[in-house]
Asks: 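Before anything else, here's the structure in question.
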Amino acid sequence: MYFEFKNVSVHYDKVQALQNVTLNLEQGEIVALIGANGAGKTSTLRAITALAKLSSGEIWFGGKRIDRLEPAAVVALGVSMVPEGRHVYPFMSVKDNLLMGAYLRRDKNDVKRDLDRVFMRFPRVRERLKQQAGSLSGGEQQMVVISRALMAKPKLLLLDEPSLGLAPMVVRDIARAIVEINRDEGISIILVEQNSRMALKISHRGYALETGRIALTGKSTDLLNDDHIRKLYLGA
Amino acid sequence: MTLAILEVQGITKRFGGLTAVNDVSFVVEKEAILSVIGPNGAGKSTLFKLISSFLPPTFGQVSYEGHRITGLSPHEVARRGVVRTFQETSIFKEMTALQNVVVAHHLRCRASSFGLYFSSATARADEERFRKSATEILVYLGLGPVKNALARNLPHGHLRALGIAVAMAAEPKVLLLDEPFAGMNIEETEAAVKLVRGVRERGVTVILVEHDMSAVMRISDRIVVLNFGIKIAEGTPAEIQKNEAVIEAYLGRADDELGH
Amino acid sequence: MGLDRHETARHSAAEGAVAIGQTDQLASGRKLRFAAFALIMFLVIPILLGRSPYFITVLTNGAVLSFISMGVWITFSIGRMNLAQGAFALVGGYAAAILSTRYGISFWLCLPVSGLVSAALGAIIGWPVLRLKGVYFAMTTLSLTEAIRLLALNGGDITKGATGIVNIPRPGPISIFGITILRFDGANPLPYYFLACTLLVLGILGVWRLSASRLGWVFRSLRQNEDLATSIGINVAKYRVMAFAICCFMGGIGGAFFAAFHQNIYPATYTIADSVNFMLYCFLGGLAYIFGPAVGAFLLVISFELLHAVQDYQTLIYGLLMIACMLWLPNGILSLGRIHFRQRKNLVS
Amino acid sequence: MLVNGVVLAVNYALIALGITLIFSIMNILNFAHGQMFMIGGFVVYYLYGIFRINYFVSLIAVVIVLGTIGWCFETFFFRRIRKIATREENSMLLAVGTALLLENLALSIFGEKQRGVPPVVTGVFRIGNAYLPAGRLLVMILALALVIGLLLLVQYTKWGRAMRALAQDREVTHLMGVNVDRVAAYGFGLGAALAGLAGGLLVTVFGVNSGVGNVYSIKAFIMIMIGGAGVVPGAILGAIVLGFVEAIGYQLLPGSITYLLIFIALIVFLIFRPQGLLGKPWG
């Protein structure tokens, strides 16, 4: 298994955020995590990037156990996370933002090549290169944040609510970009979304989390037709 | 129009070179539910701050029951009956749910500061009343069982409701709700929608900012759409869904092809 | 730490039940404890130590420093770290000194007037300055301590510059039905001690009352979320100025007491170090407890008197203590006795 | 007078940049900044003034000594507080504690006497009607070079970028693979070294004694309040304003009155502009 969560539990203070969560991902897959706020989606991502400590369980990535590493070491292994809420560095230029994404990389020419690739994917980012990132619109910021994560040359990309607070039409642009990144560059993606319909449409498999546990899992196409899911998350 | 309770007239807010809200006007009718929608950064939150006087506008004004409230200090605006809630969960974290709501009855205090300090008969009677009324509000919003729990330990859904309870304690005539349904699944949203309708049943006019389109379409009497600080449309949910400008700028065309 | 915070939280919930005025079982426990404290201060200590002017003086210092620190504690309750209390003690001290030396006004009138002068000045300065929060407020108040010192230094004939005001008259005797009960002369510090204890006891009672009343809850609400407080119609500016003025009042009274006690006052009587110390007492005792400032002040004042050898290194030890306190006991000494003192808890971070 | 203003302004800029660096990266107000300045002065006094070691070597020693102190403070004290603290005041009080600690250590080790050092260079330049001693010119040039060097470092190096990133968003910076603890410790060390360097430069002009710590801390606070806390251009602007006001004030009035007026002006200023000249509104 390329990436695996084995019986992971996470506590903040005394509150249990994750309870014996087991999930996995094959190389090249997009896996969606859906569920209400507080269900443990973000905690799952934070556990992967070592921003949250596990109280029990193991996390494996590419044949290595990563749950005891420092955040920087996890990033170095090729895990890149786009946190919720478009955290650009608001007072830095877009270019500096992108270069921060490549912080751990030494080969300058390689970084330059990747910059060009990012510009091909998001021409808008190139247009805004010299601007302070904080002055960009919501959709543009989301593109910058995803580009910044790509600059780290990740093998596994974690996206936390990329559609949050974006106009529905921008959401579609972002969704398309996610599909393309996965298809063109072969990057595996874990996608956390409130917008369950969009998430299940673009992912291969999905997990529904409820109060820190996995409530349901399966192929996304199946989940889209599941009665429970429809009632709880799709409102059909 | 005779029933207008709140009127926003040509309000504009500039931060340095950036115009966050640009010449926005609309009227809110008494006991209506009006939603403000638009992408993040479209100026919705700024508009809320302008209405509740947390920010002074660059131009324009807000009238409430025919009187200008722009320029008053925010607590004064609350005193008149225009009360806002905050995005996320803004409550007094280190107090119990009950204490939160009791404190929020402040506007109804009849005792002076000295009376409060020396616990005069008026002050004691006030507190007695507040505790009753707070309990009633909490029960109404379904928080009865957790009223003695410390706010910081409450789960997310309860915090949202508590935020509304705190605002309700201030006896608003106009309640401004900032993203009341964010982070809820369909089921929870349904409950919250009922709750907001219940608030309106009590004679409160509700203005809300929200991203959840389906909830907005269900709950609103009218919708105002902002984009880059400009009002691009206003109307009933049915009108908004058909409005070309809104589709162009915000909703987008019907489902494009997505997925694999 | 997580565990610790939850504990604190639960107790504050219990506290709330008392404060909003219910069954007074807990409150009566506190009253008993408080009565015991007053009894010790007024009877047991004078009987045991009454013959040692030295110890009595030390305790007098401790009591009044506690009183002054309680003001700082109140500003903490609205969420501001106040580093200006030294300044207001200085203002109170000078007010008392000037009124009594120039105009011959009795100490007994000077004492409350000095408090009011400080409070008035505090309200005027506090109005703009209290808009600042966190480190900004701390920076500004620290500068204020220095500014008031400079003001005293440059006050010309009014403050007498660096030479300060000396020969401040002692308080007049207190008599009831013509019988003199307390005579404030140089020989015996005991009358001063009684006065200091009275201040302290009144101070604790006053702060206690405040803390339990709606005002206390309003202050707490400011600390936790000023915007929310505004949105429910609380006049935030008014209440934070009120809290600050009460704090300055206590500083002024304390300053006036020391001016009469030492019979002198100089610009350097209260410096930044004193402002910092007042705050340290609060932290050391514990910000969540009304008794916190008193416990912190007495503990440090007494232990330094007992440890003559290290007195030269007082600030060094204070510095180390402050660091240690923050690193290992961030909720203060009283948090150690959480179970026993739980009822005293009134404010939680 | 104006020349003095310039000399003061550039040195103050070093102080203000140091405290701003620490403040923006770690959100800690370094109350011990003035004490670090003072220690910088004493290091130069002993190495250059007493042991006759080359002035520039002494300045390098200042960087090492203060950098180590700053690094230790962050590594042993503030890092732990950030993890356990429940309220903002904890780190503030800790910072005050470090100030007391340094102040008293200095008092015990160096004594209370005012110390001066022999001039590094002699001679006087004449600019129009003003005379500029070469010593002051040297201090000015060095300080200016350091300020420019620092700005370049922060703006254009990878490490500087990481520091700016850390100042804006700690958690995301973790996710970029930055060893945040290490960058923070170096940042604190750098900020401390800047304070020390300013001390090491100004000791040649004003001398040093162990009581100047709080004075310079307060000066640093005034500067960042004028300019707007946590903003680099604000720090520089604050330094320029304070440097010139001080130089002009000292010429016309006794020192303590100058400062009294500065304080009064500051409070009045804060009524109208609580966020400083270039700062963002303080939340």
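All chains are named by letter (A, B, ...) in the order of the sequence lines, taking the proteins before the strands, and each is independently numbered beginning at 1. In this text, all values refer to a predicted model and were calculated from it rather than measured experimentally.
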Asks: Side-chain contact, heavy-atom cut-off 4.5 Å: Asp96(A) with Arg164(D)?
Replies: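 Answer yes - side chains close enough.
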Asks: For chain D, find which of Val82(A), Val79(A), Leu99(A) contributes the most heavy-atom pairs closer than 4.5 angstrom.
Replies: Leu99(A)
Asks: Minimum heavy-atom separation for Asn179(D) and Ala72(A), please, with both atom names.
Replies: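 Scanning both residues, the minimum pair turns out to be N-CB, 4.4 Å.
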Asks: Give me the atom names and distance for the closest heavy-atom approach of Met176(D) to Gly101(A).
Replies: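 In terms of heavy atoms, the two residues are closest at SD-CA, 3.6 Å.
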Asks: As an exercise: rank Met151(A), Glu70(A), Met92(A) by heavy-atom pairs under 4.5 Å with chain D and give me the winner.
Replies: Met92(A)
Asks: Using the rule given for side chain to side chain contact (heavy atoms under 4.5 Å, CB included), can you reason through Thr49(A) versus His174(D), listing the C-alpha separation, both sets of side-chain angles and the distance that settles it, and then say yes or no?
Replies: CA-CA 9 Å; Thr49(A) 46; His174(D) 268 297; over 6 Å; no
Asks: Can you establish whether the number of heavy atoms outside Arg65(A) located under 6.0 Å from its atom CZ is more than 12?
Replies: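 For Arg65(A), atom CZ is crowded (more than 12 foreign heavy atoms under 6.0 Å).
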Asks: Check Ala162(D) against Tyr103(A) and note the closest heavy-atom contact, atom names and distance.
Replies: CB-CE1, 3.6 Å
Asks: For Met100(A) and Lys158(D): C-alpha separation, side-chain torsions, deciding distance, then whether side chain to side chain contact (heavy atoms under 4.5 Å, CB included) applies.
Replies: CA-CA 8 Å; Met100(A) 273 312 292; Lys158(D) 188 173 182 176; over 6 Å; no
Asks: Near Arg182(D) CZ, under 6.0 Å, is it more than 12 heavy atoms from other residues, nucleotides or ligands?
Replies: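 No - once you tally the heavy atoms of other residues, nucleotides and ligands closer than 6.0 Å, there are 12 at most.
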Asks: Given that the side chain runs from C-beta out, which part of Arg105(A) has a heavy atom under 4.5 Å from chain D: side chain, backbone, both or neither?
Replies: backbone
Asks: Rounded to the nearest 0.5 Å, what separation is found between the OG atom of Ser93(A) and the CZ atom of Arg161(D)?
Replies: 8.5 Å
Asks: Check for a donor-acceptor pair, side chain of Gln168(D) on one end and backbone N or O of Phe91(A) on the other, with a separation under 3.5 Å.
Replies: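 Indeed, once roles are kept as given, a pair shorter than 3.5 Å links the two residues.
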Asks: State, to 0.1 Å, how close Val75(A) and Leu175(D) come at their nearest heavy-atom pair, and which atoms those are.
Replies: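 Minimum heavy-atom separation between Val75(A) and Leu175(D): CG2-O, 3.3 Å.
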Asks: Verify side chain to side chain donor-acceptor pair (under 3.5 Å) between Thr173(D) and Tyr89(A), making sure each step is shown before the conclusion.
Replies: CA-CA 9 Å; Thr173(D) 306; Tyr89(A) 294 113; 2.8 Å; yes
Asks: Verify the neighbour count for atom NZ of Lys6(A): are there more than 12 heavy atoms of other residues, nucleotides or ligands below 6.0 Å?
Replies: yes
Asks: What part of Ala167(D) gets closer than 4.5 Å to chain A, counting heavy atoms only: side chain, backbone, both or neither?
Replies: neither
